[in-house]
Amino acid sequence: MRTFKVLVKIVFTAALAYLLQNVFAWWAVVLAAGLINFIIYSKGPSSFISGFLGIGLLWFFTALLTDINTDSILTHKVAAIFSLPSATLLVVMTAIIGGLAGGFGGLSGSQLRNWIMPPRWE
Amino acid sequence: MKVFRFIISFSITIGLVIALNMKIGPVPPLGRFLDPFDGFWANARNADNIPSQLAVPGLQNAVKIQYDDLLVPHIFAESEQDLYLATGYVHAFHRLWQMEFQTHAAAGRLSEIAGEITLDMDRGMRRKGMVYGAENFIDNIDPESEQILKQYALGVNYLIDQLDYEDYPFEYKLLDYKPEPWTILKSGLLYKYMSDMLNSRERDIENTNFRSIYGKELLDLIYPDVDNYEDPVVERINDWDFEPIKKEKIPDNMDNEVAQLKPLPGANINNGSNNWAVGPNRSATGNPILCNDMHLTLYMPSLWFYNQLKAGDINAFGHSLLGIPFVITGFTDSVAWGNTNAQRDLVDWYKIEYENESRNRYLLDGEYVSVTKKIEEIRVRDQETYYDTVAYTIFGPVTYDQTYRANSGKNGYARRWIDHDPSGGLKMFYQINKAQNFHDYMKALDNFTSPAQNIVFASASGDIAHRVQGKYPLNNFEEGKFIKDGTKSSNNWTAFIPNEHNAFWKNPERGFVSSANQHPVDSTYSYYLTANSYEAYRNRRINDVLRADSSVTIQDMKNLHYDNFSMKASESLPHMIDMLNGARLNAMEMDIIEKLKEWDYYFNADTKMGVYYDIWFSNLYRSIWDEIKESNDNGVAMAYPTNYTTIRLMKDFPDHPFFDNKATDTIESAKDLVLLSFREMIMKMSELEDENGSIDWATYKSTFVGHQLRIKPLGSNNIRAGGRGGDVVNASGTNHGPSERIIVELDPRGVKAWGHLPGGQSGNPGSRYYDNMIDAWANGEYFDLLLFKSPDDHPDKVIFSQTLTPK
């Protein structure tokens, strides 16, 4: 049940972030993760994890697809600028940066919910 | 408790977002930059997406743009107004970042982007009058050119207005800043950017110091006005059909001046070019052939952008500079033209005697007059704005004074530059883009004042010509060669050589014309002229090859572009080897000498002897001119003599005191230095081979085309190319060389052309067209450059079609 909830949050976070990023700048991913974790409350580290994975995976696959479709022309150069040995690592780095923003966004959303609307079982 | 937990994680989140949205040191804002939707990934994804249809405000009719397979836009408009607007849009679409960066550099505004590191450079640009020159240029522009630049700006700004962060060119994202609106002044700044590269080299300060310390006789020996009078651009011995104008001779009285200042780095000494045209009688097909290659620092994105501009009677294909809506060199359906730099002393320095340290008033014709002060506001990234006060005199801005690069007490040095003056350059490009024949070419060139160029010409009707065109101050013998006395207004430039007296010839008997930055005229030309230096090798080599070939083919012209023969080596190496006579050489040294004797003086990519010679000669050169280096190190600027003169002195005056190495107790002659530098070379070679294994010329030279921001991964590195910068016709150096090559055959049935760039058409490092021509450039392969007759021409070559419609 709990795993299912996390999966649902990851999917919704990614989907909402995708929509919001069409309109807003990159930091909209924080809002997406925060909002989903505010709405779907769960205890423990799952808010951070779902935010991290929701955004991280969204960014990972978007970057990976771009990298593949463009034969890494630009990705190679940017990886070298960051002293990374490969374009794939740049995709991973992108995912981690997005993941961190999403993770903390998710954590904040869940703690906001916990503060203003404490769950009944507590 | 819960509230604290929220506050802590919320604060971390906010802090993280701020940190990832901010440039920290050289690291771009990571969140924004790496965002796979709007960050740099968008530049990769959208690299070659050209919208097919756009409604553009300000257009009168639809403009059709056909991109060929080199990503060259062929722009077809119904009116000139529409053509120049569309050109602005197209230039900005591919090269916006470069357009703005180059004009920022010219305006002394790089510190806004780069921070304190470029502050000294920015101050220099402003203090030498770059903005002042650009403003004079734009304020006095003819109404037609002004209208054209305004249309161009409309097109550029239409593009800029469309941009969201997602669409910003890559470099804006990397450096975290935004494009600003384009103005017609920026076109003026770009013009000055080129003039500064081409027409600002001189050695007045260095000459003055040398004369004061070593005397006039030695100066004349080491720095002759012209190294070699053979093969000038225009040779009309005793056939100059004009009466020269004259002016009063003003005595030069700065004999004992030693300027304690560190001059701004001049433009690269190798900036130069080759151009030539072969007439119908020497061409295998009977059609004239015109060739050009312009040698500049090699940058990404490419300095040049190919385009075809067509509207009404304008129909030109060729190289444009980003920021100016004309074809600068190229061809129409009937004529072709190409440029080389026409070296001349076009800067003079005036010593200004201020009343006191406040530098408000200076002595002029016996009384103190006020300077005009201009406060330069230089914004510096992440730091306080820097304010610099620049004093303007009747001569020009005071570049050097106690506050900038000089230890000059209450004195200063004012700069007079030909490019401080208004110029009709744009009008010339506008007119030559319509040229049909020799008459049109001459008429267009009459407008041209700067940067002075040797402009070669050929027409489908069979004419070839060469003209040395620019606005040249009229100087008496040796005038302008030294710092001038700035207390006398009569020392200012008072007269200029009339256009009709500029060197020119048409269809000379020899059947070809050529230039390679050499001395412009034979010694019977009436006016005095000097320059920082004149080329003495490439010109003779080009002429030797052209004289020997009476049936020139296109392949011959390609071969000449890639001619790796070094006349410098052929004229110095045998002598250097002779000078080793009598020295006790070991077997290994003898072996190297034997191999060097067999070398054919070609700097081919795989030659090893070229490396030996090059290191040997540069060591020798350094040890000969140790006095010059020492003086520069001690704050007294002196110029390095040319290779040509160095070789001549070695042959004619081997025992001259200049050959003594000051660091040793013994007295050396040229012979000693030749041996010493030979042994140094052998040591250096073995070091290099220990480090890198086998070395040949291409690996040693290791040509690269660097990004303008000097970020290595954005450039093209380790290119294997033959040739050598400076004295070899194929002037590919380490980071300098042919910024384009073009060959045009003026076939009356349809002009044909071939060429390439050391890069590509796109300015986006994510594009396939960013560096797609590099290999061709290195290996001597040429692409067809097509002048479309109509938008429907060459359908097999068209890869994208774009239509701009009125809104």
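Worth saying up front: this structure is predicted, and the values here are computed from it rather than measured. A, B, ... follow the sequence lines: proteins, then strands. Residue 1 opens every chain.
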Handout entry: Residue part contacting chain A, namely of B/Leu20, when any heavy atom lies under 4.5 Å
Key = both
Problem - Sub-4.5 Å side-chain heavy-atom contact between A/Val78 and B/Phe170 - result: yes
Problem - Check: B/Arg768 and A/Asp71 side chains under 4.5 Å, non-hydrogen atoms - result: yes
Fill in the blank from the handout: So, the part of A/Phe60 with a heavy atom under 4.5 Å from chain B: the answer is neither
Completion exercise
Rounded to the nearest 0.5 Å, the CE atom of A/Met93 sits from the CG atom of B/Leu34 at a distance of 5.0 Å
Handout entry: Proximity breakdown for B/Ser11 and chain A, heavy-atom pairs closer than 4.5 Å
Key = neither
Handout entry: Heavy-atom side-chain contact between A/Gln111 and B/Ile7 under 4.5 Å
Key = no
Handout entry: Spacing of CD1 belonging to A/Ile97 relative to CZ belonging to B/Arg32, to within rounding of 0.5 Å
Key = 14.0 Å
Practice task
Mind checking the CZ-CG spacing from B/Phe10 to A/Leu112? Nearest 0.5 Å is all I need.
Solution key: 8.5 Å
Handout entry: Distance-minimising heavy-atom pair for A/Thr94 and B/Pro36
Key = CG2-CD, 4.1 Å
Practice task
Run the numbers on B/Tyr770 and A/Lys77 for side-chain contact (heavy atoms from CB on, under 4.5 Å), then give the verdict.
Solution key: CA-CA 12 Å; B/Tyr770 179 64; A/Lys77 295 176 179 142; 3.7 Å; yes
Practice task
Check whether any side-chain heavy atom of B/Trp41 sits under 4.5 Å from a side-chain heavy atom of A/Thr75, and report yes or no.
Solution key: yes
Handout entry: Spatial distance of atom CG (A/Leu58) from atom CZ (B/Phe37) [nearest 0.5 Å]
Key = 4.0 Å
Fill in the blank from the handout: Applying a strict 4.5 Å limit to non-hydrogen atoms, the region of A/Leu90 in contact with chain B is both
Completion exercise
Value for CD (B/Glu166) from CD (A/Gln21), rounded to nearest 0.5 Å, stands at 10.5 Å
Exercise for the section: Quick one: closest heavy-atom pair of A/Ile73 and B/Gly766, and the distance? Expected result: CG2-O, 3.7 Å
Handout entry: Neighbour count above 12 (heavy atom, 6.0 Å) for A/Phe12 CZ
Key = no
Exercise for the section: Answer with side chain, backbone, both or neither: which region of B/Asp771 has an atom nearer than 4.5 Å to a non-hydrogen atom of chain A? Expected result: side chain
Problem - B/Glu180, CD atom: more than 12 neighbouring heavy atoms under 6.0 Å - result: yes
Problem - N/O donor-acceptor pair under 3.5 Å between B/Thr13 side chain and A/Phe104 backbone - result: yes
Practice task
Please look at B/Tyr165 and chain A and tell me whether the side chain, the backbone, both or neither of the residue comes under 4.5 angstrom of a heavy atom of that chain.
Solution key: neither
Handout entry: Part of A/Leu100 lying under 4.5 Å from any heavy atom of chain B
Key = both
Problem - Heavy-atom side-chain contact between B/Leu30 and A/Phe82 under 4.5 Å - result: yes
Handout entry: Full working for side-chain contact (heavy atoms from CB on, under 4.5 Å) between A/Val30 and B/Ile14
Key = CA-CA 9 Å; A/Val30 176; B/Ile14 295 291; over 6 Å; no
Exercise for the section: Against chain A, label B/Asp48 side chain, backbone, both or neither, depending on which of its atoms sit under 4.5 Å from a heavy atom there. Expected result: neither
Handout entry: Proximal component of A/Val29, with respect to chain B [non-hydrogen, under 4.5 Å]
Key = neither
Problem - Crowding at OH, A/Tyr18 (>12 non-hydrogen neighbours, <6.0 Å) - result: no
Problem - Separation of A/Ser110 OG from B/Arg5 CZ (nearest 0.5 Å) - result: 9.0 Å
Exercise for the section: Compute whether any side-chain donor of one residue and acceptor of the other, for A/Trp26 and B/Asn21, lie under 3.5 angstrom apart. Expected result: yes
Handout entry: Heavy-atom closest pair, residues B/Ser9 and A/Leu107
Key = CB-CD2, 3.8 Å
Handout entry: Student check: side-chain heavy atoms of B/Arg45 and A/Thr62 closer than 4.5 Å
Key = yes
Completion exercise
Honestly, the part of B/Asn43 sitting under 4.5 Å from a heavy atom of chain A is both
Handout entry: Engaged part of A/Phe24 at the chain B interface, taking heavy atoms whose separation is under 4.5 Å
Key = backbone
Problem - Heavy-atom contact with chain A under 4.5 Å, split by part of B/Pro28 - result: side chain
Exercise for the section: Sort A/Asp67 into side chain, backbone, both or neither according to what part of it lies under 4.5 angstrom from a heavy atom of chain B. Expected result: both
Problem - Greatest number of heavy atom pairs closer than 4.5 Å to chain B - which of A/Leu65, A/Ile116, A/Val91 - result: A/Val91
